[in-house]
Number of protein chains: 2
Amino acid sequence: MATPLGEKIRDLRKAKGYTLDRLAELSDSSKSYIWELENKNPPRPSAEKIGKIAAVLGVTADYLIDPTDAIKVEDATDNAFFRKYREMDPTTKEKIRRMLDVLGDDE
Amino acid sequence: MATPLGEKIRDLRKAKGYTLDRLAELSDSSKSYIWELENKNPPRPSAEKIGKIAAVLGVTADYLIDPTDAIKVEDATDNAFFRKYREMDPTTKEKIRRMLDVLGDDE
DNA sequence: CAAAAAGTATCGCTACTCCGAACAAATATG
DNA sequence: CATATTTGTTCGGAGTAGCGATACTTTTTG
């Protein structure tokens, strides 16, 4: 009955020790609405709400929005790659990005 | 008349050379709605729409949502790229990494 | 235990999302 | 030029986000 979004919000909320009411007031929402996000499907919140909730819960909006259950495992190789990538000049970065777009086409 | 969100979307759309129609179809929206997001005051899109639009434009949803200019496009682009990279299969990631090594030689 | 707090659930309402389709402006093509 | 095509703009309306009110159940706390 719960959606990925709902579970993420509840887990994060619990982890921070917030009640529905508390999270609601921190994110300019109502208790009833937070509850609906956690329990009712399908939730279709506004970007603004998700942005505020994400900020309060200390995660990115992208994480909440992503419908997959993205188990994020820290990979040292990936992180090293990203650090290196970030130091490249803009045009090189652009090239790499396009490379990924192309390679990403075939599923 | 234009909001921060609207300007961001338009700038990114133009930079990619997309028409309203093209961006609309890539992000499962309508032409008229994309236009409203870019031009009308104040837009309050759903998280889902923003997520799709952000993905198509190669930035994070957080960048589009953030009303202040705290997040730089370049950072948002890099983060969106990294997120995409991490979801690739190992052999593709390997290819990208080697690509970066090659391009990093010069300069 | 009793009271307070937290969670569950529904309803009515207003304002807004998002679309299709028609219209206008711009640009391509002959 | 004319006009075909592509792009951008506008509008009406169906459906829904998100709130406050209310009421009930479960959990916490003293």
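Proteins get letters first, then strands, A, B, ... in listed order; numbering begins at 1 in each.
Rounded to 10 degrees, the angle separating the terminal axes of the helix from C/dC1-D/dG30 to C/dG30-D/dC1 is 40°, with each axis obtained from five end pairs.
Scored by the side-chain hydrogen bond (donor to acceptor under 3.5 Å, both in side chains) test, B/Arg98 finds B/Glu94 as partners (sequence neighbours excluded). Listed by chain and number, the residues in a salt bridge (charged side-chain N to carboxylate O under 4.0 Å, His left out) with B/Lys95 amount to none (sequence neighbours excluded). Every residue meeting the side-chain hydrogen bond (donor to acceptor under 3.5 Å, both in side chains) condition with B/Ser30, not counting sequence neighbours, appears here in chain and number order: B/Ser32. Take B/Tyr18 and apply the ring pair (Phe, Tyr, Trp, His ring centres under 6.0 Å) test, not counting sequence neighbours, and it matches no residue. Here A/Lys93 pairs with B/Glu74, B/Asp78 under the salt bridge (charged side-chain N to carboxylate O under 4.0 Å, His left out) rule; sequence neighbours left out. For the salt bridge (charged side-chain N to carboxylate O under 4.0 Å, His left out) test, residues two or more places apart in sequence or in another chain that qualify with A/Glu25 are A/Arg22. Residues satisfying the salt bridge (charged side-chain N to carboxylate O under 4.0 Å, His left out) criterion with A/Asp75, sequence neighbours excluded, are absent altogether. For A/Lys84, the side-chain hydrogen bond (donor to acceptor under 3.5 Å, both in side chains) partners two or more places apart in sequence, or in a different chain, are B/Asp101.
Summarising the geometry, the separation between NZ on B/Lys40 and P on D/dT9 is reported as 12 Å, rounded to the nearest angstrom. For A/Glu48 and C/dA15, the CD to P distance is 16 Å, given to the nearest whole Å. In this entry the distance linking CD of B/Glu38 with P of D/dT7 reads 14 Å, nearest Å. Computed from coordinates, the B/Glu25 CD to C/dC18 P distance equals 18 Å when rounded to whole Å. The separation between A/Leu37 atom CG and C/dA9 atom C1' is 15 Å, rounded to whole Å.
Distances shorter than 4.0 Å separate none of the side-chain N or O atoms of B/Arg44 from OP1 or OP2 on C/dC16. The phosphate of C/dT8 has OP1 or OP2 within less than 4.0 Å of a side-chain N or O from A/Trp35. Within the structure, a side-chain polar atom (N or O) of B/Ser46 is placed less than 4.0 Å from OP1 or OP2 of C/dC18.
Proximity of the aromatic rings of B/Tyr85 and A/Tyr85 is defined here by a centroid distance below 6.0 angstrom, and this criterion is not met.
One side chain, A/Thr91 or A/Asp89, offers a donor N or O that lies under 3.5 Å from an acceptor on the other.
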| Which letters describe nucleotides 19-30 of chain D, given B = protein heavy atom under 4.0 Å from base, S = only from sugar-phosphate, - = neither? | SBB---------
Tell me which donor-acceptor pairs under 3.5 Å the side chains of residues 52-63 of chain B have, and how far apart each pair is, sequence neighbours excluded?
unit_1, atom_1, unit_2, atom_2, d
B/Lys52, NZ, B/Asp28, OD2, 3.1
B/Thr60, OG1, B/Tyr63, N, 3.2
B/Asp62, OD1, A/Ala61, N, 2.9
B/Asp62, OD2, A/Ala61, N, 3.2
B/Asp62, OD2, A/Asp62, N, 3.4

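Within 4.0 Å (heavy atoms only), B/Pro43 reaches sugar-phosphate atoms of the nucleic acid but no base atom.
Of the residues in residues 5-22 of chain A, those with a non-hydrogen atom less than 4.0 angstrom from any atom of DNA chain C are A/Arg13, A/Thr19, A/Leu20.
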